[in-house]
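Below: the structure, in structure tokens.
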There are 2 protein chains.
Amino acid sequence: MLIEKFKRHIKKNGYFKTKERLELFEILTKQKTPCTIQRLVHLADNMDEATVYRNLELFEEIGVTHRIYTGWKYKVELSDMFRSHHHHMTCDSCGAVISFEESVGFERELRKLEQKYGFNASSHSLELRGSCSSCHSNRFA
Amino acid sequence: MLIEKFKRHIKKNGYFKTKERLELFEILTKQKTPCTIQRLVHLADNMDEATVYRNLELFEEIGVTHRIYTGWKYKVELSDMFRSHHHHMTCDSCGAVISFEESVGFERELRKLEQKYGFNASSHSLELRGSCSSCHSNRFA
DNA sequence: TTAAGATTGCAAAAAATTTGCAATTTAAAC
DNA sequence: GTTTAAATTGCAAATTTTTTGCAATCTTAA
């Protein structure tokens with residue numbers, strides 16, 4: 001269970017496992033696409049805004065979540081620790097967010113890159129913007 | 001000259017070429033790394049904050065700039081129209097931002113991806129986070 | 001069960017962004 | 001060059017987002 005892993009992770013990092021943190025995590029697990037902070041504040045309506053902010057910061061610090069920039073705002077989603085590694089394509093016309101896994105070929109390119117620059121990548125993000133298949137097939141509709 | 005191209009682009013889109021816009025553009029051309037909005041507001045200290053915001057929005061709308069999420073904030077930089085296509089690696093320990101061009105192999109993967117999902121990508125961003133060569137070679141210093 | 005320390009809610013402050021409007025600037029027509 | 005209509009700016013105020021201090025509450029480990 002994800003939630004169990006989360007509890008362990010929180011403890012391992014020396015923090016308390018509070019009902020607010022569990023709930024915020026639950027909310028995050030339910031999201032199909034990355035979520036703005038405002039939306040999370042809204043969804044977590046039984047806890048204080050400040051608590052949401054403080055916990056999102058904590059989550060990011062201990063690697064539970066990460067932020068990505070999709071469309072026009074940055075958004076939050078569970079990190080690879082709790083969700084399989086993936087990237088996004090965002091449709092500028094309908095707003096759809098399509099997640100995809102990265103290819104072996106892409107990983108290989110990434111490794112080449114790290115080698116070339118002596119850079120040690122702990123994470124990476126790849127975001128595409130454009131138009132999804134249903135939007136550009138309806139272009140003249 | 002970049003600035004000439006910028007002037008033409010502004011006109012082509014039906015907007016006025018004001019000294020504020022020219023100056024903001026100049027500032028952008030001088031940045032070696034992506035810049036937070038706050039920093040731009042600071043650099044453009046002879047124009048009103050609201051003007052900076054309004055013009056950055058305009059620049060984004062007509063494709064002069066784009067935003068990327070680097071480190072912890074999103075930042076603004078000139079788009080491919082005014083700067084050669086590239087991506088970034090950000091060092092989490094010293095904050096250095098290294099720009100790199102994308103490889104042919106990577107482009108190929110991208111095209112495969114578009115084909116697979118019928119997605120028409122008008123732009124994409126790839127951001128790496130991690131530690132740069134000088135930082136991890138000094139890890140034990 | 002208790003005590004120490006972490007976390008929360010609340011209220012207020014600070015920071016970031018947006019908006020309305022009068023004054024100014026721009027571009028195009030004369 | 002003037003003139004004129006429309007776009008843009010600066011300013012002040014409003015709004016929205018994020019952060020902070022602190023007392024009350026909750027969590028953990030003993």
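Residue numbers begin at 1 in each chain, while the letters A, B, ... track the order of the sequences.
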Under-4.0 Å side-chain N/O to phosphate OP1/OP2 contact, [X] with [N]:
X     : N      : value
A/Y74 : D/dT18 : yes
B/K11 : C/dT26 : no
B/Q38 : C/dA16 : yes

For a quick check under 3.5 Å, do [X] and [Y] share a side-chain donor-acceptor pair by atom type?
X      : Y      : result
A/N13  : A/E61  : no
B/E77  : B/H86  : yes
B/E109 : A/S103 : yes

Separation of [X] atom [atom1] from [N] atom [atom2], in whole Å?
X     : N      : atom1 : atom2 : value
A/Y53 : D/dG21 : OH    : P     : 18 Å
B/E23 : D/dT9  : CD    : P     : 11 Å
A/H42 : D/dT16 : NE2   : C1'   : 16 Å
B/E49 : D/dA13 : CD    : P     : 15 Å
A/K73 : D/dT18 : NZ    : C1'   : 12 Å
B/N13 : D/dT8  : CG    : P     : 11 Å
B/D45 : D/dC11 : CG    : P     : 13 Å
A/L56 : D/dT19 : CG    : P     : 10 Å

Q: Enumerate the residue pairs fulfilling ring-ring contact (aromatic ring centres under 6.0 Å, His included) with a member in residues 17-47 of chain B, sequence neighbours excluded, ordered by first and then second residue.
A: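 The answer is B/F6-B/F25, B/F25-B/F82.
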
Q: Can you run down the salt bridge (charged side-chain N to carboxylate O under 4.0 Å, His left out) pairs that involve residues 33-42 of chain B, sequence neighbours left out, and say none if there aren't any?
A: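 Non-adjacent pairs meeting salt bridge (charged side-chain N to carboxylate O under 4.0 Å, His left out): zero.
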
Q.
So that I know where these two stand, are A/H66 and A/H124 an aromatic pair - ring centroids less than 6.0 Å apart?
A.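 Ring centres of A/H124 and A/H66 not closer than 6.0 Å.
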
Q) Same cluster for B/F106 and A/L128 if Ile/Leu/Val/Met/Phe/Trp/Tyr side chains link at under 4.5 Å? A)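 As far as the 4.5 Å side-chain criterion goes, A/L128 and B/F106 are connected within one cluster.
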
Q. Given a cutoff of under 4.5 Å between side-chain heavy atoms of I, L, V, M, F, W and Y, with clusters grown through shared members, what are the other residues clustered with A/F16?
A.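 Members other than A/F16 - counting any ILVMFWY side chain reachable under 4.5 Å - there are none.
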
Using a cutoff of under 3.5 Å, can you pull out all pairs of nitrogen or oxygen atoms linking the protein to nucleotides 3-8 of chain C, with atom names and distances?
| unit_1 | atom_1 | unit_2 | atom_2 | d |
| --- | --- | --- | --- | --- |
| C/dT7 | OP1 | A/F16 | N | 3.0 |
| C/dT7 | OP1 | A/R21 | NH1 | 2.6 |
| C/dT7 | OP1 | A/R21 | NH2 | 3.3 |
| C/dT8 | OP1 | A/T18 | OG1 | 3.0 |
| C/dT8 | OP1 | A/N55 | ND2 | 3.2 |
| C/dT8 | O3' | A/E20 | OE2 | 3.3 |

Q) Considering the terminal five base pairs at each end of the helix from C/dT1-D/dA30 to C/dC30-D/dG1, what angle separates the two local helix axes, rounded to 10°? A)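 Rounded value for the end-axis angle: 50°.
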
Q: Under the ring-ring contact (aromatic ring centres under 6.0 Å, His included) rule, collect the residues that match up with B/H9, sequence neighbours excluded.
A: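 B/H9 satisfies ring-ring contact (aromatic ring centres under 6.0 Å, His included) with no other residue.
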
